[in-house]
J.: 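Dropping a structure here in structure tokens format, bear with me for questions.
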Amino acid sequence: MSGRGKVNVVIGSQWGDEGKGKLIDLLSKDIDIVGRYNGGSNAGHTIVVDGVKYAFHLVPSGVLYPNVKCLIGNGCVVHLPGLLEEFKILDNRKIDYKNRFFISDRAHLLLDLHKIVDGLKEEQRGKDAIGTTRQGIGPCYSTKMQRTGIRVADLAHIDVFTNKLQQLVSETRKQYGHYEYDIDKEVNLYKSIYSQLKPMIIDSVPYLYDALQNGKKILVESANATMLDIDFGTYPFVTSSNPHVGGACIGLGLPPSCIDKVIGIVKAYTTRVGEGPFPTENKESAGEAMRKVGHEYGTTTGRPRRCGWLDVVQLRYTQMLNGMTDLAITKLDVLSGFDELKIGVKYSINGKTIPSMPAHVSDLAAVKVDYISLPGWKEDISKCRTYSDLPINARKYVETIEKLVGVPVTWIGVGAGREAIIEKRSSAL
């Protein structure tokens, strides 16, 4: 790139729900554009500002800063009625997003029929259900790859939109049986939506290119997380897109050479929602305490999250894929009160060490995890604002993570609020 602009990417380093939204919100104050590159309303970002909680699903987290422009990229699947509901939240809170919120015309539309199909597919799987959010994400990406999907650009050609919708309904009814779906009502709804959102719909490729040429700072946010990546996650218990750093280039149309920092968000322990292997899951009192104190319930589904100890084997794998330059540890405060903390450091199967995450879920489910133990701390750390404020055992925990993963920790979250974060080292983007 000949321009002076640069891109920093924030990715989830575990199975999601790491707290990406909070860091993106923190960093956005010095950013020109925040772009979302994958997923849809299956993701949830929660931000707390001055005691007010914001729960977003499609809206990029930088929207709370009036100087920041927000972009939903071509790699996303967008349920426009749901996006309008999120706009209502912003309207009610007097947050002006007009003239600074944009949607790529190449993004695919997630329709209610995709949600219906998602539920039907899960029911067909029976005991082998994947545990999707039933938000229609997989079926929408499927129609995209089958080249039968409907894109935002099709809204400008309503006859094309209507024909594609009729074909989709016909094809899915053949596959799953008849289901109720009012095509005319849906077409009229999207005509109305298009009239409202038309000023926001742009060709995002030249938009981002020009921004970089003019020295703008772009912060890119991932939905979901690396261990849910369709290629590199715990397949098939994954999402339908690429949340790892490579997805940022595809999902926003960015050249790899413009990426500066890759910031990995790491919860101080590990959680996951839905089915699939989870080597360090703790089904005893420790896991229950993490869930209770950390309020570990899904933003999108409300489902209780499975909780367990930090898994360094998994984090090293994430580092191999993403080349993270910085770590942000979140929810360290949840671990206050534990007498002992454990970190998973080695996998083995039948006594043989497994150097990384195995590709097959049966192998991953069979691993034995070796742990190291560290002393915990009793102090409430939610009011700590400098690294030296933390108890020595909390600092030892952070420094152990740095050493084991091989990536420096730059930020440490110690509470839900925007202000409850410690900057361990310089974080200029």
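Here the structure is a predicted model, which means the values were calculated and not measured.
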J.: Side chain of Tyr397, backbone of Leu335: donor and acceptor closer than 3.5 Å?
T.: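 Absent.
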J.: Given side chain to side chain contact (heavy atoms under 4.5 Å, CB included), test His114 with Val117 step by step and report yes or no.
T.: CA-CA 5 Å; His114 291 117; Val117 169; 5.8 Å; no
J.: Quick one: does Val152's side chain get under 4.5 Å of Ile72's, heavy atoms only?
T.: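 Not in contact.
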J.: Which distance, rounded to the nearest 0.5 Å, do you find between the CD1 of Ile343 and the CD1 of Ile372?
T.: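 Ile343 atom CD1 to Ile372 atom CD1 measures 4.5 Å (nearest 0.5 Å).
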J.: Does any non-hydrogen side-chain atom of Leu110 lie less than 4.5 Å from one of Lys115?
T.: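 Heavy-atom side-chain distance check passes, below 4.5 Å.
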J.: Working note: Lys88 + Glu85, criterion salt bridge (charged side-chain N to carboxylate O under 4.0 Å, His left out); need CA distance, chi angles, decisive distance, verdict.
T.: CA-CA 5 Å; Lys88 287 181 183 179; Glu85 288 300 312; 3.1 Å; yes
J.: Taking the side chain as every heavy atom from C-beta outward, state whether Phe237 and Met227 have any pair of such atoms under 4.5 Å apart.
T.: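 Not touching, per the 4.5 Å side-chain cut-off.
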J.: Are the side chain of Lys424 and the backbone N or O of Pro408 linked by a donor-acceptor pair below 3.5 Å?
T.: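 No; zero donor-acceptor contacts below 3.5 Å.
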J.: Within a strict 4.5 Å, meaning less than it, do heavy atoms of the Ser336 and Val293 side chains meet?
T.: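 No, too far: nothing below the 4.5 Å cut-off.
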J.: Could you walk me through whether Leu404 and Arg316 pass side chain to side chain contact (heavy atoms under 4.5 Å, CB included), step by step?
T.: CA-CA 8 Å; Leu404 291 173; Arg316 289 193 195 117; 4.0 Å; yes
J.: Heavy-atom count around Asn99 CG within 6.0 Å, excluding the residue itself: above 12?
T.: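 No, not enclosed.
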J.: Please find the pair of heavy atoms, one from Asn224 and one from Glu18, that lie closest to each other, and give the distance.
T.: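 Result for this residue pair: O-OE1, 4.3 Å.
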J.: Parallel, tilted or perpendicular: which describes the rings of Phe338 and Trp309, with under 30° parallel and over 60° perpendicular?
T.: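 Perpendicular: the ring planes of Phe338 and Trp309 meet at over 60°.
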J.: Counting distance only, does the side-chain N/O of Asn393 pair as donor-acceptor with the main-chain N or O of Gly376 below 3.5 Å?
T.: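 Pair found, side chain donor or acceptor close to backbone of Gly376.
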J.: Roughly how far, to the nearest 0.5 Å, is the CG atom of Asn38 from the OH atom of Tyr141?
T.: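 With rounding to 0.5 Å, OH (Tyr141) is 5.5 Å from CG (Asn38).
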J.: Could you walk me through whether Gln166 and Thr162 pass the side chain to side chain donor-acceptor pair (under 3.5 Å) check?
T.: CA-CA 6 Å; Gln166 290 170 338; Thr162 302; over 6 Å; no
J.: Which of these passes side-chain contact (heavy atoms from CB on, under 4.5 Å) with Ile263: Val9, Leu27, Ile11?
T.: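 Exactly one pass, corresponding to Leu27.
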J.: Please tell me if the side chains of Ile250 and Asn242 come closer than 4.5 Å, counting only heavy atoms from C-beta onward.
T.: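 Counting from C-beta outward, Ile250 and Asn242 never come under 4.5 Å.
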J.: Please check this pair: side chain of Lys342 against backbone of Ser373, looking for a donor-acceptor N/O pair closer than 3.5 Å.
T.: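 Side chain of Lys342 to backbone of Ser373: no pair is present.
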J.: With rounding to the nearest 0.5 angstrom, report the NE2 to CD1 distance, His79 to Ile137.
T.: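 One finds 10.0 Å between NE2 of His79 and CD1 of Ile137.
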J.: Hey, does the side chain of Lys261 reach the backbone of Val10 with a donor-acceptor pair shorter than 3.5 angstrom?
T.: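 No; zero donor-acceptor contacts below 3.5 Å.
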J.: Please name the pair of heavy atoms, one in Tyr194 and one in Ala156, separated by the smallest distance, quoted to 0.1 Å.
T.: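 Smallest interatomic distance, heavy atoms only, reads OH-CB, 3.3 Å.
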J.: If I take atom OG1 from residue Thr400 and atom CG from residue Leu374, how far apart are they, to the nearest 0.5 angstrom?
T.: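 Those atoms lie 4.5 Å apart.
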J.: Just by distance, do the side chain of Thr239 and the backbone of Leu228 share a donor-acceptor pair under 3.5 Å?
T.: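 Not at all, since once roles are kept as given, no pair shorter than 3.5 Å links the two residues.
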J.: Evaluate side chain to side chain donor-acceptor pair (under 3.5 Å) for Asp154 paired with Tyr190, printing each intermediate quantity in order.
T.: CA-CA 11 Å; Asp154 289 317; Tyr190 275 85; over 6 Å; no
J.: For the residue pair Lys378 and Asp339, establish whether any side-chain heavy-atom pair is separated by less than 4.5 Å.
T.: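 They are in side-chain contact.
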J.: With Ile193, which of Leu80, Leu155, Leu109 fulfils side-chain contact (heavy atoms from CB on, under 4.5 Å)?
T.: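 Testing Ile193 for a side-chain contact (heavy atoms from CB on, under 4.5 Å) against Leu80, Leu155, Leu109 leaves exactly one candidate, Leu80.
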J.: Is it the case that atom NZ in Lys383 sees more than 12 heavy atoms from other parts of the structure closer than 6.0 Å?
T.: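 Atom NZ in Lys383 is not crowded, with 12 or fewer foreign heavy atoms closer than 6.0 Å.
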J.: Does atom OH of Tyr235 have more than 12 heavy-atom neighbours from other groups under 6.0 Å away?
T.: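 No, the 6.0 Å shell around OH holds no more than 12 heavy atoms from other groups.
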J.: Which one of Arg306, Arg272, Lys331, Arg303 satisfies the salt bridge (charged side-chain N to carboxylate O under 4.0 Å, His left out) criterion with Glu296?
T.: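 Single salt bridge (charged side-chain N to carboxylate O under 4.0 Å, His left out) partner of Glu296 among Arg306, Arg272, Lys331, Arg303: Lys331.
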J.: Quick one: does Ser104's side chain have a donor or acceptor within less than 3.5 Å of a partner on Gly73's backbone?
T.: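 No; judged by distance alone, with no hydrogens or angles, the pair does not exist.
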J.: Checking Ser192 side chain against Asn188 main chain: does a donor-acceptor pair fall under 3.5 Å?
T.: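 Not confirmed, Ser192 side chain does not pair with Asn188 backbone.
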J.: If you look at every heavy atom in His108 and Cys140, which pair is closest and at what distance?
T.: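 Residues His108 and Cys140, closest heavy atoms: CB-SG, 4.3 Å.
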J.: Does atom NZ of Lys53 have more than 12 heavy-atom neighbours from other groups under 6.0 Å away?
T.: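 Not buried by this count: 12 neighbours or fewer within 6.0 Å.
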J.: So does Arg291 pair up with Glu288, basic N to acidic O under 4.0 Å?
T.: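 Result for this pair is yes, salt bridge flagged.
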J.: Quick one: do Asp25 and Arg418 make a salt bridge, cutoff under 4.0 Å?
T.: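 Yes, Asp25 and Arg418 are salt-bridged.
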J.: Could you check whether any side-chain heavy atom of Val169 comes within less than 4.5 Å of a side-chain heavy atom of Tyr179, counting everything from C-beta outward?
T.: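 Yes. Closest side-chain heavy atoms under 4.5 Å.
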J.: Should we say atom CG of Leu189 is surrounded by more than 12 heavy atoms from elsewhere, each under 6.0 Å from it?
T.: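 Yes, enclosed.
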J.: Would you check, one step at a time, whether the test side chain to side chain contact (heavy atoms under 4.5 Å, CB included) holds for Ile33 with Tyr207?
T.: CA-CA 11 Å; Ile33 300 170; Tyr207 174 76; 3.8 Å; yes
J.: How many angstroms lie between atom CG of Leu315 and atom OG1 of Thr226, to the nearest 0.5 angstrom?
T.: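 Separation between the atoms: 10.0 Å.
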J.: Supply the atom-to-atom distance Asp96 CG to Phe101 CZ, rounded to the nearest 0.5 angstrom.
T.: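 Here the rounded value is 13.0 Å.
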J.: Decide yes or no on side chain to side chain contact (heavy atoms under 4.5 Å, CB included) for Ile218 and Leu252, but give the supporting numbers first.
T.: CA-CA 11 Å; Ile218 300 173; Leu252 282 167; 5.7 Å; no
J.: Are side-chain heavy atoms of Asn282 and Tyr269 found at a separation under 4.5 Å?
T.: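 SC-SC contact between Asn282 and Tyr269 ruled out.
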J.: For Tyr317, is there any backbone N or O sitting under 3.5 Å from a side-chain donor or acceptor partner on Ser356?
T.: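 Pair absent, no side-chain N/O of Ser356 close to backbone of Tyr317.
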J.: Step through the shown structure and confirm whether more than 12 heavy atoms of other residues, nucleotides or ligands are within 6.0 Å of NZ on Lys69.
T.: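 At most 12 heavy atoms, drawn from other residues, nucleotides or ligands, come within 6.0 Å of this atom.
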J.: Under a 3.5 Å distance rule, please check whether Glu221 uses its side chain to pair with a backbone N or O of Pro60 as donor and acceptor.
T.: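 No; judged by distance alone, with no hydrogens or angles, the pair does not exist.
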J.: Show the nearest heavy-atom pair for residues Leu23 and Ala328, with the distance to one decimal.
T.: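 Reported closest heavy-atom pair: CD2-CB, 3.8 Å.
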J.: Using every non-hydrogen atom in the two residues, find where Ile329 and Val409 come nearest and quote the distance to one decimal.
T.: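 It is CD1-CG2, 3.7 Å.
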J.: Do the ring planes of His244 and Phe232 sit parallel (below 30°), tilted (30 to 60°) or perpendicular (above 60°)?
T.: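 The arrangement is perpendicular - the two ring planes meet at more than 60°.
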J.: Is it possible for you to check whether Lys29 lies under 6.0 Å from the centre of the six-membered ring of Tyr65, through NZ or CZ, and within 45° of that ring's axis?
T.: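 No; the conditions do not both hold, so Lys29 does not lie above the ring face of Tyr65.
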J.: For Gln135 and Ser41, which heavy atoms make the closest approach, and how far apart are they?
T.: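 Looking at all heavy atoms of both residues, the shortest contact is OE1-OG, 3.5 Å.
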